Q: 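Here's a structure for you.
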Amino acid sequence: MHYLAAGLRLPTNGLDYTILAIYFIVVLGIGFAARASVKTSLDFFLSGRSLPAWVTGLAFVAANLGATEILGMSATGAQYGVAVVHWYWIGAIPAMVFLGLVMMPFYYSSKVRSVPEFLLQRFDRSAHLLASVLFAFAAVLIAGVNLYALSIVVEALLGWPQWVAIVVAGLFVLAYITIGGLSSAIYNEVLQFFVILAALIPLTVLGLKRVGGWDGLTSSLKTSHGDNFLSAWGGTGIGQANPLGANWLTIVLGLGFVLSFGYWTTNFAEVQRALSAKNLSAARRTPLIAAFPKMFIVFLVMIPGLVAAVLVPKIGTAGSDLTYNDAIPMLMQELLPNGVLGIAVTGLLAAFMAGMAANVSSFNTVFTYDIWAKYVKKDQPDGYYLKFGRLITAIGVLASIGTAFIASSFSNIMGYLQTLFSFFNVPMFVVFVIGMFWKRASVKSGVWGLLAGTTAAMVNYFWIYKQGVVSIPTDQGANFVSAIVGFVAGAVVMVLVTLFTAPKPASELAGLVYGTKSPGAEEPPAEGDAAWYRRPALLGWGAIALAALCYVPYSF
């Protein structure tokens, strides 16, 4: 990641630091309040499966709304224009709806405590162990990304040394997760969601006011960047050149299907929030509730990027000391008065901690349940796993501090994250989707599909792309292609292995494969559950329709 420009130091004062201090005190207070509910390992890792849908839904979207997304997507808006909407309306909403309507019944009804545990039930121990190790490794890497990005931002904006920012944020996340478990993380994510909005909304409104409103913004951008900068699909025909380095086919298949579905349906950092819901209906509604704020958050990250492109036309170019990553910090410096500035800084820190906490809490669950309890220390008392969960949380945070410096070797953090998703999430998704919808998929096809998909994605990225065997214009375009290659390789290998190995007995597939029993079957609804907002199908199709309607202004 490029360092933020040295001239972006914010004029913070005592009021801003007071707001920041109050936020940290509240975060720890929530952790101590949640501690009283932690009696068993299930309470610590999955909140005792007791949380209401609105809480898990907001936590679901907040866990994804890390500051790497806020800074990265604003940078994407400044660089590519409204094409950033693809990451939301194609790259998120359909997959979130699919998770809620199709996959959550499998996850929740099977009573699995993690995503990899489902593979143990559907395939075998080898697939389960490989998936657990890959996920745990990826979770620590991604948590490190959030820590490293936080240190860069805090150093540039507040003047704190990088190591101070890393240690302070890491210790706060460690404290409230270790004390209150997943409940603490989730309730803090709900708080962080509103703090992030409180930071982004004033920035967006004041930014639009500075450039003459929406009409002034679009008029300036058409003059300086051309019409395609304000069109989601401009220049994406096959064979056409565009800054994104991707055509409509790689956007739809690579981002909209493979990367998107791979992330939202198998990333335990997200699915864990739904698994903590109080019943199946609430679990299904969790990603659907999250889909509605998700589709509008794009405006709060895209518009500041567009405003930055107007206020500093040379941002990100060789003639400017400002990189695209500077879009949000620059606007904070230019537009926000003290007090509001403190809220904005708090919002950025909250976003970083939300992203890190989601990955650390999912890491400790997978490592404890899927690795330690299954393969190292079996059949121990529940209290043992509760204590070990707290210990491995501390180890996970320390490991994240170490992996934060791996992220420093990549020039673009969003590109780095997309690369990780193509390596780890996509192969897991192909194994899940084939295993869920094809009864014949054999026991051994799971582990070989995972290996093939991960290996193929890495070969495409590090050899075919990086060594120039095939010319791909940008890292983002290469990530889309790597995702497609990983998905196809995993699917082909699963089919081939299935042809030569034994399937799982039909008696062991009940509830694990679509059609073995009705995956949509729910408990008898509680009183009032007939209301439209409690019906997953209506919420899901409503989200899809609204996202499609949002595309209209950016498609012509």
Side-chain angles (χ1 to χ4, degrees), residues 1 63-69 71-72 114-116 129-153 162-163 165-167 169-170 173-174 177 185 259 262-264 266-272 325 351-368 370-371 392-429 450-451 453-462 465-466 475-476 478-479 482-483 486:
M1 180 180 182
N64 173 253
L65 191 60
T68 47
E69 173 172 341
L71 295 179
S114 70
V115 168
L129 180 59
L130 178 60
S132 301
V133 170
L134 288 176
F135 177 82
F137 182 64
V140 169
L141 286 175
I142 295 170
V145 172
N146 280 278
L147 266 184
Y148 176 70
L150 177 145
S151 71
I152 296 298
V153 171
Q162 282 188 37
W163 70 269
I166 287 175
V167 171
V173 172
L174 172 62
I177 294 181
L259 273 173
Y263 175 80
W264 291 103
T266 66
N267 182 19
F268 187 49
E270 300 292 338
V271 176
Q272 186 179 29
N325 293 317
F352 278 117
M353 291 196 295
M356 181 185 177
N359 283 282
V360 170
S361 61
S362 60
F363 164 80
N364 66 21
T365 304
V366 168
F367 198 95
T368 301
D370 293 287
I371 298 175
I392 201 63
T393 300
I395 294 173
V397 170
L398 293 176
S400 299
I401 291 174
T403 61
F405 297 99
I406 296 178
S408 66
S409 64
F410 286 78
S411 61
N412 183 288
I413 279 203
M414 284 308 296
Y416 175 49
L417 287 175
Q418 296 290 322
T419 302
L420 293 178
F421 295 152
S422 69
F423 291 170
F424 300 116
N425 292 95
V426 169
M428 197 174 297
F429 171 63
L450 275 174
L451 280 173
T454 301
T455 302
M458 289 182 172
V459 167
N460 179 79
Y461 186 83
F462 290 115
Y465 167 58
K466 286 293 188 181
D475 281 351
Q476 287 290 7
N479 289 331
S482 293

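Note: hydrogens, waters and symmetry copies are ignored here, and every other heavy atom, side chains too, is used. Every value quoted in this text rests on a predicted model; they were computed, and no experiment measured them.
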Q: Which atom pair, heavy atoms only, marks the closest approach of Ser132 to Asp370?
A: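 Smallest interatomic distance, heavy atoms only, reads OG-CB, 3.2 Å.
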Q: Have Ser114 and Gln272 got a donor and an acceptor in their side chains that come within less than 3.5 Å?
A: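 The answer is no; no qualifying pair exists.
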Q: Take Val140 and Phe363 through the side chain to side chain contact (heavy atoms under 4.5 Å, CB included) test and state the conclusion after the steps.
A: CA-CA 7 Å; Val140 169; Phe363 164 80; 3.7 Å; yes
Q: Roughly how far, to the nearest 0.5 Å, is CG of Asn425 from CG of Leu134?
A: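 So the gap between those two atoms works out to 10.0 Å.
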Q: So, Ser422 and Asn479: side-chain donor and acceptor under 3.5 Å apart, yes or no?
A: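 Not at all, the side chains of Ser422 and Asn479 share no donor-acceptor pair under 3.5 Å.
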Q: Which distance, rounded to the nearest 0.5 Å, do you find between the CD1 of Ile142 and the OG of Ser400?
A: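 Going from the CD1 atom of Ile142 to the OG atom of Ser400 covers 10.5 Å.
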Q: Between Thr419 and Tyr461, is any pair of side-chain heavy atoms under 4.5 Å apart?
A: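 Heavy-atom side-chain distance check passes, below 4.5 Å.
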Q: Output the distance between atom CG (Leu398) and atom CD1 (Ile395), rounded to the nearest 0.5 Å.
A: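 Leu398 CG to Ile395 CD1: 7.5 Å, rounded to 0.5 Å.
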Q: Shortest non-hydrogen contact from Pro427 to Gly453?
A: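 Between these two residues, the closest heavy atoms are CG-C, 3.5 Å.
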Q: To the nearest 0.5 angstrom, please state how far the OG atom of Ser482 sits from the CG atom of Asn460.
A: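 Reported to 0.5 Å precision, the distance equals 3.5 Å.
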Q: Mind running ring pair (Phe, Tyr, Trp, His ring centres under 6.0 Å) on Phe462 and Phe423 for me, showing each step along the way?
A: CA-CA 11 Å; Phe462 290 115; Phe423 291 170; 5.5 Å; yes
Q: Using a 3.5 Å distance criterion without hydrogens, assess whether the side chain of Ser362 forms a donor-acceptor pair with backbone atoms of Asn359.
A: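 Checked: pair present.
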Q: Minimum heavy-atom separation for Ile371 and Ala136, please, with both atom names.
A: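 Closest pair (atom of Ile371, atom of Ala136, distance): CD1-CB, 4.5 Å.
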Q: Relative to the ring of Phe137, is the ring of Phe424 parallel (under 30°), tilted (30 to 60°) or perpendicular (over 60°)?
A: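 Perpendicular, since the angle between the ring planes exceeds 60°.
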Q: Over all heavy atoms of both residues, which pair between Phe135 and Ala269 is shortest? Give the atoms and the distance, please.
A: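 Heavy atoms only, the tightest pair is CZ-N, 3.9 Å.
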Q: Do you know which two heavy atoms are closest between Thr368 and Asn364, and how far apart they sit?
A: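 Closest pair (atom of Thr368, atom of Asn364, distance): OG1-O, 2.7 Å.
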Q: Report the distance from atom CH2 of Trp264 to atom CG of Leu259, rounding to the nearest 0.5 Å.
A: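 That separation rounds to 12.5 Å.
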Q: I'd like to check Met428 versus Thr454 (side-chain heavy atoms, cut-off strictly below 4.5 Å). Are they in contact?
A: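 Sidechains of Thr454 and Met428: no contact.
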Q: Compare all side-chain heavy atoms of Thr393 with those of Val360 and state whether any distance is below 4.5 angstrom.
A: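 Yes, close enough: below the 4.5 Å cut-off.
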